[in-house]
Amino acid sequence: MSFITDIKTFAALGSGVIGSGWVSRALAHGLDVVAWDPAPGAEAALRKRVANAWGALEKQGLAPGASQDRLRFVATIEECVRDADFIQESAPERLELKLELHAQISAAAKPNALIGSSTSGLLPSEFYENATHPERCVVGHPFNPVYLLPLVEVVGGKNTAPEAVQAAMEVYESLGMRPLHVRKEVPGFIADRLLEALWREALHLVNDGVATTGEIDDAIRFGAGLRWSFMGTFLTYTLAGGDAGMRHFMAQFGPALQLPWTYLPAPELTEKLIDDVVDGTSEQLGSHSISALERYRDDCLLAVLEAVKTTKEKHGMSFTE
Ligand SMILES: NC(=O)C1=CN([C@@H]2O[C@H](COP(=O)(O)OP(=O)(O)OC[C@H]3O[C@@H](n4cnc5c(N)ncnc54)[C@H](O)[C@@H]3O)[C@@H](O)[C@H]2O)C=CC1
Ligand SMILES: C[N+](C)(C)CC(=O)CC(=O)[O-]
């Protein structure tokens, strides 16, 4: 079967943080978008989130014909997906819910329309179990904010056709993204497995009274966070080995892997730990609203993306290398 890759209509099911990010990205790329979300007041909340993102998208550059007016909010799943060329589900992270939802979505969709799920780490073989034409069903795991961050992890399940993975990567690329094919279906995929390890250690540091949430964030944003935007951990550590590179790095820092630097299993989420994390982050928020911080974050990301792009060009590299 061939799958639709030249898409005109994008369907979004679930319009919270991530769904609204997909809607914003698709609208900015000049598509018609149809959205559905069962929550009361979901349409107004979605339109507000898209409006909050639009300034950053304008700065980045809109496709011809791109408009917030091309968003249509509908009342049923069937209406949402019936005429869609590509479907992206961003419903709550619950296996049972996604299992049932995908049975409904796939039964109502065109058989050759690709279906992507934003799941952060559930397995597609499990939640697409009851899907009609499961060969066109993939995971397309994005990063927040979806409308600016390029990465999308693409994962197939046991019934997904390899051609569907390739076709979905083509579609995501057409939306200005940098797809990464996760070749083995594992919980948490690649990126969330890494982020989750950092998150668990950060919670231990708060729980053990080693540092506040603000101090831990400082340890990331003034150090490794800055270099992570253009060089990953493996290449960074190769340079940290000096001229002898990774072999010397391994010899020098390999023994530290035996030291008790990390705990990895998460700490118990006691009421005190939750309060400490919530109080710490409230102090970090200060008087800023979430939407003001989203605009600040978007401006920072645009500046970083532009700086990395220009610097790569100077070194003869393309942005996606
Ligand atoms: N928040 C994040 O940082 C990221 C989340 N994700 C994934 O995206 C998905 C959505 O997460 P968020 O947007 O963060 O959650 P959210 O809670 O912000 O939004 C979920 C939306 O789904 C709606 N919803 C409830 N029941 C539904 C149903 N049966 N069908 C469709 N929609 C329904 C809710 O009304 C809500 O608007 C999850 O699978 C999550 O793992 C992926 C990447 C990052
Ligand atoms: C916390 N999270 C697991 C939902 C995070 C993601 O899935 C990706 C991101 O945006 O960090």
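Whatever order the structure lists ligands and atoms in, that order sets their numbers, starting from 1.
One option in G140, A91, S120 has a heavy atom closer to atom 38 (C) of ligand 1 than any other, and that option is A91. Scanning T119, D192, L151, L195 for the heavy atom closest to atom 3 (C) of ligand 2 points to D192. The heavy atom nearest to atom 32 (N) of ligand 1, considering only C80, G14, G41, is found in G14.
Partners of D6 by salt bridge (charged side-chain N to carboxylate O under 4.0 Å, His left out), not counting sequence neighbours, listed by chain and number: K8.
The shortest contact between atom 24 (N) of ligand 1 and any protein heavy atom is with P92 CD, 3.4 Å. Looking from atom 10 (O) of ligand 2 to the surrounding protein, the closest heavy atom is N144 N, 3.0 Å. In terms of protein heavy atoms, atom 43 (C) of ligand 1 is closest to P142 O, 3.2 Å. The protein heavy atom nearest to atom 39 (O) of ligand 1 is E93 OE1, 2.7 Å. Among all protein heavy atoms, the one lying closest to atom 3 (O) of ligand 1 is N144 CB, 4.0 Å. Closest protein heavy atom to atom 20 (C) of ligand 1: S90 O, 3.8 Å. Annotation: atom 4 (C) of ligand 2 to nearest protein heavy atom, S120 OG, 3.4 Å. Nearest protein heavy-atom neighbour of atom 12 (P) of ligand 1: I18 CG1, 4.0 Å. The protein atom (non-hydrogen) at minimum distance from atom 7 (C) of ligand 1 is S118 O, 3.3 Å. In this structure, atom 21 (C) of ligand 1 lies nearest to the protein heavy atom D37 OD2, 3.6 Å.
Interface atoms of ligand 1 facing A39, defined by a heavy-atom separation under 4.0 Å, are 35 (O). Residue contact check: T119 has heavy atoms under 4.0 Å from atoms 39 (O) of ligand 1. Listed by number with element, the atoms of ligand 1 under 4.0 Å from a non-hydrogen atom of G16 are 13 (O), 18 (O), 19 (O), 21 (C), 37 (O). When each atom of ligand 1 is checked for a heavy atom of L101 under 4.0 Å away, the hits are 30 (N), 31 (C).
In terms of modelled atom types and a separation under 3.5 Å, the side chain of E153 and the main chain of A191 share a donor-acceptor contact. Not one N or O on the side chain of R178 forms a donor-acceptor pair closer than 3.5 Å with the backbone of L151.
Contacts with ligand 1 closer than 4.0 Å are made by side-chain heavy atoms of W36 only, the backbone lying farther away. In S117, neither the side chain nor the backbone holds a heavy atom less than 4.0 Å from any atom of ligand 1. Of the heavy atoms in V17, both backbone and side-chain atoms come closer than 4.0 Å to ligand 1. Neither the backbone nor the side chain of L122 comes within contact range of ligand 1; no heavy atom lies under 4.0 Å. In H141, the part holding a heavy atom less than 4.0 Å from any atom of ligand 1 is the side chain.
Salt bridge annotation for R295-D299: absent, with no cationic side-chain nitrogen under 4.0 angstrom from a carboxylate oxygen. Taking 4.0 Å as the cut-off between side-chain N and carboxylate O, D83 and K110 do not count as a salt-bridged pair. The pair R49-E294 meets the salt-bridge criterion, with a side-chain N (NZ, NE, NH1 or NH2) lying under 4.0 Å from an Asp/Glu carboxylate O.
Using a 4.0 angstrom heavy-atom cutoff, K98 counts as in contact with ligand 1. By the 4.0 Å heavy-atom criterion, H141 is counted among the residues contacting ligand 2.
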Audit row: R94, E96, side chain to side chain contact (heavy atoms under 4.5 Å, CB included) steps and yes/no: CA-CA 6 Å; R94 297 206 303 273; E96 288 308 316; 5.8 Å; no
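In terms of heavy atoms, L203 sits closest to P267 at CB-CG, 3.7 Å.
With 3.5 Å as the limit, one finds no donor-acceptor pair spanning the side chains of T262 and E201. Judged by distance alone, the side chains of E135 and Y128 never bring a donor and an acceptor atom under 3.5 Å apart. Counting only N and O atoms by type, the side chains of Y263 and N207 include no donor and acceptor under 3.5 Å apart. W228 and T233 are linked by a side-chain donor-acceptor pair at a separation below 3.5 angstrom, with hydrogens and angles left out of the test. At a cut-off of 3.5 Å, with distance as the only test, a side-chain donor of D192 or H141 sits close to an acceptor on the other residue.
Atom CG of N144 and atom CD1 of I18 lie 4.5 Å apart (nearest 0.5 Å).
Distance check for atom 17 (O) of ligand 1: every protein heavy atom is found at 4.0 Å or beyond. Under the 4.0 angstrom criterion, atom 8 (C) of ligand 2 counts as having a protein heavy-atom contact.
Among D279, T212, D218, D217, the one residue that satisfies the side-chain hydrogen bond (donor to acceptor under 3.5 Å, both in side chains) test with Q284 is D217.
Annotation: F86 is in aromatic contact with Y172 [ring centroid separation under 6.0 Å].
At a 3.5 angstrom cut-off on N or O pairs, P38 does not count as close to ligand 1.
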